[in-house]
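Quick caveat, the model's predicted, so the values are computed rather than measured.
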Amino acid sequence: MLDAGEARRAFVETYGGEPRLFRAPGRVNLIGEHTDFNEGFVLPMAIEHSTLVAAREAPGRRVRVRSLNLDEAAEFDLDRPGEPRRGIWLDYVEGVARALEDGGTRLRGADLVVHSDVPAGAGLSSSAALEVSVGLALSSVSGSRVGRVALALAGQRAEHTYVGTMCGIMDQFVAALGREGHALLIDCRTLEATPIPVDTAEALVVVCDSRVKHELASSEYNARREECERGVELLAAALPGVRALRDVSAEEFERHEHLLPPTVRRRCRHVVTENARTLAAAEALRRGGGAEFGRLMYESHRSLRDDFEVSCRELDVLVEAASRVEGVLGSRMTGGGFGGSTVSLIRRERLDDFQNTVGALYHQATRLVPAFHVSQPQAGAHEL
């Protein structure tokens with residue numbers, strides 16, 4: 001877990017005086033991919049990797065921020081209009097500040113130091129960890145109490161407005177509301193979250209970072225969202241009352257999929273079946289049914305690869321390699337796709353064999369060395 005001492009020391013060195021410390025975790029999504037922006041169901045859990053913000057109120061309305069990871073500093077004035085979508089890390093920081101203010105939270109000036117060990121580009125939501133930790137820090141040092149759901153929504157608005165990614169709510173939600181020892185079954189329409197116990201006594205959640213991130217990820221993400229919205233428009237003609245793909249059952253989709261162009265049909269089929277898989281997987285996890293959960297993970301990966309087409313060769317190699325290891329219950333890509341990570345459920349006693357075998361097969365196929373992270377479900381954002 002990230003050492004808070006480094007952020008504190010850097011704050012004292014940069015600004016002087018003692019800061020308050022705030023943390024928000026990254027996340028791994030166990031199942032339910034690309035369903036959140038379709039008002040569906042997701043099953044993520046918060047992980048040990050996190051973003052720390054050392055913060056203190058400052059005079060006026062100027063926010064100064066230093067990133068230890070990038071060794072860069074920047075600032076902005078809350079009383080002056082901001083410039084969104086610059087393509088820089090400050091977009092996330094300033095974006096969440098503007099979103100909080102737009103939502104009615106009056107912020108004060110602040111000095112911030114940001115430090116993170118969430119791997120960027122690994123599909124573990126480093127951006128949401130940054131947004132939520134900064135949002136909690138800014139609101140807290142301003143003397144404002146912002147609810148955790150409102151904090152998550154501010155992070156999402158920052159992505160939409162300042163960053164330019166039309167993401168769903170999952171990443172920010174679990175960063176804000178994660179629960180130790182549990183995954184969260186989130187209804188992305190109602191924002192109702194049901195804690196699902198994750199028993200790691202016998203089986204472990206292992207994230208495998210492919211160490212690749214293909215450049216088309218962001219543009220293709222927005223394209224997938226548009227394709228899903230087009231599918232809703234066409235299906236609503238035959239299914240009155242449908243406002244999102246979460247409203248379409250598997251049986252209804254089979255009856256009316258002929259209304260959709262081939263590409264849109266594949267995108268929608270993934271979302272409809274993934275929603276059903278996510279609900280079934282949550283029930284399997286609740287019952288301790290690791291084998292059933294693992295089977296649904298493999299199904300999810302095939303659907304993401306073939307219907308939603310957001311996987312890539314490296315992720316497919318990792319899932320195929322995992323399937324060859326005895327004791328692996330299931331494996332799938334996780335996150336937006338086009339690189340990033342896989343998540344696997346494996347029997348605890350097979351961890352070394354899993355890492356050795358998957359690492360060797362992946363290197364043989366790609367000449368890359370993957371990074372493995374064994375994760376326990378963590379709590380969401382909080383002040384240290």
Going by an N to O cut-off under 4.0 Å, is there a salt bridge joining Glu309 and Arg267? yes

Rounded to the nearest 0.5 Å, what separation is found between the CD1 atom of Ile31 and the OG atom of Ser300? 4.5 Å

Can you check whether Arg332 reaches Thr334 side chain to side chain, under 4.5 Å on heavy atoms? yes

In the hydrophobic clustering that connects Ile, Leu, Val, Met, Phe, Trp and Tyr at side-chain heavy-atom distances below 4.5 Å, which members other than Tyr15 occupy its cluster, ordered by chain and number? Phe11, Leu68, Val113

When you look at CG of Asp79, are more than 12 heavy atoms from neighbouring residues, nucleotides or ligands closer to it than 6.0 Å? yes

Partners passing side chain to side chain contact (heavy atoms under 4.5 Å, CB included) against Ala282 (at least two apart in sequence or in another chain): Leu43, Leu185, Ile196

Check this for me, if you would: do Glu274 and Arg277 make a salt bridge, where the nitrogen-to-carboxylate-oxygen distance has to be below 4.0 angstrom? yes

In chain order, what residues pass the salt bridge (charged side-chain N to carboxylate O under 4.0 Å, His left out) check against Glu18, with sequence neighbours excluded? Arg8

In this structure, are over 12 heavy atoms from other groups packed under 6.0 Å from Arg347 atom CZ? no

In chain order, what residues pass the salt bridge (charged side-chain N to carboxylate O under 4.0 Å, His left out) check against Arg313, with sequence neighbours excluded? none

Give a yes or no on whether Leu177 and Val198 share a hydrophobic cluster (residues Ile, Leu, Val, Met, Phe, Trp, Tyr; joining criterion: side-chain heavy atoms under 4.5 Å apart). no

Measuring only between side-chain heavy atoms, which start at C-beta, is Glu292 closer than 4.5 Å to Leu285? no

May I ask you to decide whether Glu226 forms a salt bridge with Arg230, counting only side-chain N to carboxylate O separations under 4.0 Å? no

Any side-chain donor-acceptor pair under 3.5 Å between His115 and Asp3? no

Side-chain heavy atoms of Val42 within contact of Leu184, under 4.5 Å: no

Those residues at least two apart in sequence (or on a different chain) that pass salt bridge (charged side-chain N to carboxylate O under 4.0 Å, His left out) with Glu75 are Arg62

Whether Arg255 and Glu251 form a salt bridge (side-chain N of Lys/Arg under 4.0 Å from carboxylate O of Asp/Glu) is what I want to check. no

From Arg64, Arg85, Arg86, residue fulfilling salt bridge (charged side-chain N to carboxylate O under 4.0 Å, His left out) relative to Glu94: Arg86

Counting only heavy atoms not in Glu233, do more than 12 fall under 6.0 Å of its CD? yes

Indicate whether any N or O donor in one side chain lies under 3.5 Å from an N or O acceptor in the other, for His34 and His270. no

Is the shortest distance from a Lys or Arg side-chain nitrogen in Arg225 or Glu229 to a carboxylate oxygen in the other one below 4.0 Å? yes

If you group Ile, Leu, Val, Met, Phe, Trp and Tyr whenever their side-chain heavy atoms sit less than 4.5 Å apart, what else falls in with Leu361? none

Go through the structure and list residues passing side chain to side chain contact (heavy atoms under 4.5 Å, CB included) with Arg157, not counting sequence neighbours. Ala99, Leu153, Ala154

Are the side chains of Glu72 and Trp89 in touch, meaning some heavy atoms are under 4.5 Å apart? yes

Please list, chain by chain and in numerical order, all residues satisfying side chain to side chain donor-acceptor pair (under 3.5 Å) with Thr51, sequence neighbours excluded. Ser116

Name all residues meeting the salt bridge (charged side-chain N to carboxylate O under 4.0 Å, His left out) criterion together with Asp187; count only those two or more places apart in sequence or in a different chain, and write none if there are none. Arg246

Between Leu138 and Leu112, is there a side-chain heavy-atom distance shorter than 4.5 Å? yes

Contacts under 3.5 angstrom, residues 120-132 side chains, donor-acceptor by atom type, not counting sequence neighbours:
| unit_1 | atom_1 | unit_2 | atom_2 | d |
| --- | --- | --- | --- | --- |
| Ser125 | OG | Asp171 | OD2 | 3.2 |
| Ser127 | OG | Glu159 | OE2 | 3.0 |
| Glu131 | OE1 | Gln172 | NE2 | 3.0 |

Validation row: Pro370, Asp209 side chains within 4.5 angstrom (heavy atoms): no

Members sharing Val317's hydrophobic cluster (side chains within less than 4.5 Å): Leu204, Val206, Val212, Tyr298, Leu318, Val319, Val325, Val328, Ile346, Leu351, Phe354, Val358, Tyr362, Leu368, Phe372, Val374

Are side-chain N/O atoms of Asn29 and Glu33 paired as donor and acceptor at under 3.5 Å? yes

Are any of the side-chain heavy atoms of Ser331 and His301 separated by less than 4.5 Å? no

Angle class for the Phe308/Phe37 ring planes (parallel below 30°, perpendicular above 60°, tilted otherwise)? tilted

Listed partners of Ala250 passing side chain to side chain contact (heavy atoms under 4.5 Å, CB included), at least two apart: Val272

Surrounding CZ of Arg80 (heavy atoms of other residues, nucleotides or ligands, distance under 6.0 Å), is the total greater than 12? no

Can you confirm whether the side chains of Thr200 and Gln376 place a donor and an acceptor under 3.5 Å from each other? yes

Just so I know, are the side chains of Phe22 and Leu384 near enough to count as touching, which here means a heavy-atom distance under 4.5 Å? no

